[in-house]
Engineer: 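Questions regarding the structure given below will be posed in turn.
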Amino acid sequence: MGTAGHLAQTSVLSFVERWPWYHALTPELRSLVIQTATERVADAGEYIARAGAPCADGYGLMQGFLQMYVIGTRGSETTLYCLREGEWGGEGSLLKGEPRRYDLRALTPVRLCTIPLKTFELLRNSSIEFNQFLCEIMNARMGIFVGMLEASRLLGPEMRVARTLMMLADGQASDAQEISISQHQLALMCGLSRQRVNMALNTLKQSGLVRCERRWGFVSVHAPRLRNYVTLPN
């Protein structure tokens, strides 16, 4: 287990209390969630789960970034999704009752709230609001999957980088946001070389969409402009 000791200590209780589905539960179910939910911390680069392993819990990301990816027969990585703070994952494997089909790795130091399978199933069988929540997050993720597939097959590298940055940023933000990510990590997520990512970032920078601070290892994105760039016809 990684140390990740410098992360802010948001409690599991305060995290689950963010969600309307939790407040819609009966007192008994709310108590069960808090009693069975656990916190996990991991350092950047540490594996949270591996492909082929049994899926024993769902997880909410309290802090950091997680990368869901698969490895091809030739060893190349393909990013499926990147979870940011406040997002949940693992529900697909739990619903299908199958081993994970992807590796899950911390891109940054992370803190997770994990919900065990037994509690997950009880919530799913007892709460309409929890099921609505599952539908919402799966629908949103499917939209991102479709966009990433389109970008990888039909669009240029600038759009692929821009869509990956939007996946990491808060899509509803109204101002600039700093994303702590290296060009190497960004290249892995985009499926591009570091050199091509660098060229794409320079193009986006010239358009006023991003600002790169290579010395400090972060990219500042102008969320409204970047959102318009990835959603409007080019």
Engineer: Test of understanding: with side-chain contact (heavy atoms from CB on, under 4.5 Å), list the residues that count as partners of M199, not counting sequence neighbours.
Structural biologist: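 Only R196 meet the side-chain contact (heavy atoms from CB on, under 4.5 Å) criterion with M199.
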Engineer: Would you find a donor on one side and an acceptor on the other, under 3.5 Å apart, between the side chain of N139 and the backbone of C135?
Structural biologist: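 Not a single qualifying donor-acceptor pair exists.
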Engineer: Does the S14 side chain pair with the main chain of S11, one donor and one acceptor, at a distance under 3.5 Å?
Structural biologist: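 Present.
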Engineer: Output, in order, the C-alpha distance, side-chain angles, deciding distance and verdict of side-chain contact (heavy atoms from CB on, under 4.5 Å) for R40 and I48.
Structural biologist: CA-CA 9 Å; R40 178 176 179 182; I48 306 300; 3.7 Å; yes
Engineer: Short question: side chain of H23, backbone of E17 - any donor-acceptor pair under 3.5 Å?
Structural biologist: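 It does hold such a pair.
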Engineer: If we only count heavy atoms from C-beta on, is the L107 to C82 side-chain gap below 4.5 Å?
Structural biologist: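 A side-chain contact exists here, since the closest heavy-atom pair is under 4.5 Å.
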Engineer: Under a 3.5 Å distance rule, please check whether S127 uses its side chain to pair with a backbone N or O of L123 as donor and acceptor.
Structural biologist: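 Here the side-chain-to-backbone pair does not exist.
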Engineer: Under the criterion side-chain contact (heavy atoms from CB on, under 4.5 Å), I'd like the reasoning laid out for C113 against W88: C-alpha separation, chi angles, the key distance, then a yes or no.
Structural biologist: CA-CA 9 Å; C113 167; W88 290 79; 4.3 Å; yes
Engineer: Check V110 against G64 and note the closest heavy-atom contact, atom names and distance.
Structural biologist: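 Taking V110 first and G64 second, the nearest heavy atoms are CG1-CA, 4.0 Å.
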Engineer: State the CG-CZ distance between L186 and R194, to the nearest 0.5 angstrom.
Structural biologist: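 Between atom CG of L186 and atom CZ of R194 there are 10.5 Å.
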Engineer: Distance alone, cut at 3.5 Å: any donor-acceptor contact between the side chains of Y69 and R105?
Structural biologist: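 Distance-only check passes for Y69 and R105.
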Engineer: Which Ile, Leu, Val, Met, Phe, Trp or Tyr residues join I128 in one cluster when any pair of side-chain heavy atoms under 4.5 Å counts as a link?
Structural biologist: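 Under the 4.5 Å side-chain rule, I128 groups with nothing.
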Engineer: Please check if the side chain of T119 supplies one atom and the backbone of I115 the other of a donor-acceptor pair under 3.5 Å.
Structural biologist: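 No, the answer is negative, given that no donor and acceptor are paired below the 3.5 Å cut-off.
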Engineer: Under a 4.5 Å cut-off applied to non-hydrogen side-chain atoms, are V41 and P109 in contact?
Structural biologist: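 Side-chain contact under 4.5 Å: no.
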Engineer: Between V33 and L29, is the side-chain contact (heavy atoms from CB on, under 4.5 Å) condition met? List the steps.
Structural biologist: CA-CA 6 Å; V33 170; L29 284 176; 5.5 Å; no
Engineer: Run the ring-centre check on F120 versus F130 and record whether the distance is less than 6.0 Å.
Structural biologist: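 Yes - the distance between ring centres of F120 and F130 falls below the 6.0 Å cut-off.
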Engineer: For the CZ atom of R100 and the CE atom of M68, what is their distance to the nearest 0.5 Å?
Structural biologist: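 Atom-to-atom, R100:CZ and M68:CE are 8.5 Å apart.
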Engineer: Between E136 and R141, does at least one N-O distance fall below 4.0 Å, as a salt bridge requires?
Structural biologist: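 Result for this pair is no, no salt bridge flagged.
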Engineer: Once rounded to the nearest 0.5 Å, what's the spacing between atom CD of E39 and atom CG of L13?
Structural biologist: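 The CD atom of E39 sits 12.0 Å away from the CG atom of L13.
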Engineer: Output all residues satisfying side chain to side chain donor-acceptor pair (under 3.5 Å) with R124, sequence neighbours left out; order by chain, then residue number.
Structural biologist: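 By the side chain to side chain donor-acceptor pair (under 3.5 Å) rule, R124 matches E121.
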Engineer: Holding to side-chain contact (heavy atoms from CB on, under 4.5 Å), I want the full list of residues that pass it with T114, two or more places apart in sequence or in another chain.
Structural biologist: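 For T114 the side-chain contact (heavy atoms from CB on, under 4.5 Å) partners, ignoring immediate neighbours, are T38, D57, Y59, L112.
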Engineer: Are any non-hydrogen side-chain atoms of I34 and V16 less than 4.5 angstrom apart?
Structural biologist: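 Yes, at least one pair of side-chain atoms sits under 4.5 Å.
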Engineer: What pairs of residues pass the ring-ring contact (aromatic ring centres under 6.0 Å, His included) test when at least one of them lies in residues 37-56, not counting sequence neighbours?
Structural biologist: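 For residues 37-56: none.
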Engineer: Mind checking side chain to side chain donor-acceptor pair (under 3.5 Å) for R50 and listing every partner two or more places apart, or none if nothing turns up?
Structural biologist: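 Side chain to side chain donor-acceptor pair (under 3.5 Å) list for R50, sorted by chain: D103.
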Engineer: How far apart are the C-alpha atoms of M166 and V221, what are their side-chain angles, what is the distance that settles it, and do they pass the side-chain contact (heavy atoms from CB on, under 4.5 Å) test?
Structural biologist: CA-CA 8 Å; M166 277 304 299; V221 302; 5.9 Å; no
Engineer: Looking at CD of E85 and CZ of F15, how far apart are the two atoms once the value is rounded to the nearest 0.5 Å?
Structural biologist: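 Those atoms lie 8.0 Å apart.
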Engineer: Checking S126 side chain against L122 main chain: does a donor-acceptor pair fall under 3.5 Å?
Structural biologist: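 Checking the backbone N and O of L122 against the side chain of S126, a donor-acceptor pair under 3.5 Å is found.
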Engineer: Nearest 0.5 Å please: distance from the CD atom of E46 over to the CG atom of L104.
Structural biologist: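 CG of L104 is found 11.0 Å from CD of E46.
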Engineer: Can you find a heavy atom in the side chain of V230 that is under 4.5 Å from one in the side chain of R163?
Structural biologist: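 They are in contact (side-chain heavy atoms under 4.5 Å apart), so the answer is yes.
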Engineer: To the nearest 0.5 Å, what is the distance between CG on L168 and CD on Q67?
Structural biologist: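 If I round to the nearest 0.5 Å, the distance is 9.5 Å.
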